[in-house]
Enquirer: 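Below is a structure I'd like to ask you about.
Throughout, numbering of the chain's residues begins at 1 and tracks the sequence. Owing to the predicted nature of the structure, the values given are computational and were not obtained by experimental measurement.
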Amino acid sequence: MIDLTNNEFYLLTLFVNNRNRLFSHNEIIDTIWPGEMPVSRRTIDINIARLRKKLGSYAEQLVDRPGFGYGYVE
């Protein structure tokens with residue numbers, strides 16, 4: 001069992017439910033933090049870095065394509 005924060009869980013759910021699709025920072029913000037106070041790109045980067053650490057061997061499937069976004073690739 002992996003202990004995830006709410007944001008990590010929402011990010012992982014978004015990516016796994018949409019495998020092989022990349023999400024831009026803006027799409028992630030609109031999906032995970034809709035209508036909340038401004039969320040910086042750095043907030044996303046930090047949450048994804050923490051999520052990668054917790055995923056162990058699956059972390060390499062959580063990809064970052066500069067200029068395109070983040071996603072979960074099989």
Side-chain angles (χ1 to χ4, degrees):
M1 183 172 171
I2 301 173
D3 188 24
L4 301 175
T5 66
N6 287 339
N7 289 337
E8 292 165 349
F9 176 78
Y10 296 142
L11 283 167
L12 184 59
T13 300
L14 174 67
F15 295 144
V16 170
N17 286 338
N18 297 279
R19 290 181 183 111
N20 301 315
R21 180 183 185 276
L22 297 178
F23 290 88
S24 70
H25 280 94
N26 288 337
E27 289 175 310
I28 293 170
I29 290 169
D30 291 344
T31 303
I32 306 297
W33 293 278
E36 290 190 26
M37 293 174 41
V39 175
S40 74
R41 297 174 80 124
R42 187 74 184 133
T43 299
I44 296 169
D45 297 341
I46 290 169
N47 276 279
I48 289 179
R50 289 178 183 157
L51 181 58
R52 280 187 175 131
K53 286 181 183 178
K54 293 178 181 183
L55 289 178
S57 63
Y58 293 99
E60 61 192 45
Q61 291 179 274
L62 188 56
V63 298
D64 173 16
R65 300 286 187 252
F68 295 98
Y70 290 103
Y72 188 87
V73 179
E74 292 185 293

Enquirer: Should L22 and L11 be counted in the same cluster of Ile, Leu, Val, Met, Phe, Trp and Tyr side chains packed under 4.5 Å apart?
Expert: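 No: no chain of side-chain contacts under 4.5 Å links L22 to L11.
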Enquirer: Are I44 and L14 joined in one hydrophobic group, where the rule is that I, L, V, M, F, W and Y side chains link up if heavy atoms are under 4.5 Å apart?
Expert: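 Yes: a chain of side-chain contacts under 4.5 Å links I44 to L14.
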Enquirer: Considering non-hydrogen atoms only, spot the tightest contact between Q61 and E74 and give its length.
Expert: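 Here Q61 and E74 meet closest at NE2-CA, 3.7 Å.
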Enquirer: I46, L4: one ILVMFWY side-chain cluster at the under-4.5 Å cut-off?
Expert: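 Cluster IDs for I46 and L4 differ.
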Enquirer: Tell me if a side-chain donor or acceptor on T43 pairs with a main-chain N or O of V39 at a distance below 3.5 Å.
Expert: no
Enquirer: Are V63 and I28 connected in a single hydrophobic cluster, I mean Ile/Leu/Val/Met/Phe/Trp/Tyr linked by side-chain heavy atoms less than 4.5 Å apart?
Expert: no
Enquirer: Kindly indicate, with the supporting measurements, whether the criterion side chain to side chain contact (heavy atoms under 4.5 Å, CB included) is fulfilled by L62 and F15.
Expert: CA-CA 8 Å; L62 188 56; F15 295 144; 3.3 Å; yes
Enquirer: Decide yes or no on side chain to side chain contact (heavy atoms under 4.5 Å, CB included) for D64 and D45, but give the supporting numbers first.
Expert: CA-CA 10 Å; D64 173 16; D45 297 341; 6.0 Å; no
Enquirer: Using a strict 4.0 Å threshold on nitrogen-to-oxygen distance, state whether E8 and R50 make a salt bridge.
Expert: no
Enquirer: Flag this pair as yes if the NZ/CZ of R21 is under 6.0 angstrom from the six-membered ring centre of F23 and inside a 45 degree cone about the axis; otherwise no.
Expert: yes
Enquirer: What pairs with Y72 under ring pair (Phe, Tyr, Trp, His ring centres under 6.0 Å), at least two apart in sequence or on another chain?
Expert: none
Enquirer: For residues F68 and V73: do they belong to one hydrophobic cluster (side chain heavy atoms under 4.5 Å, members Ile, Leu, Val, Met, Phe, Trp, Tyr)?
Expert: yes
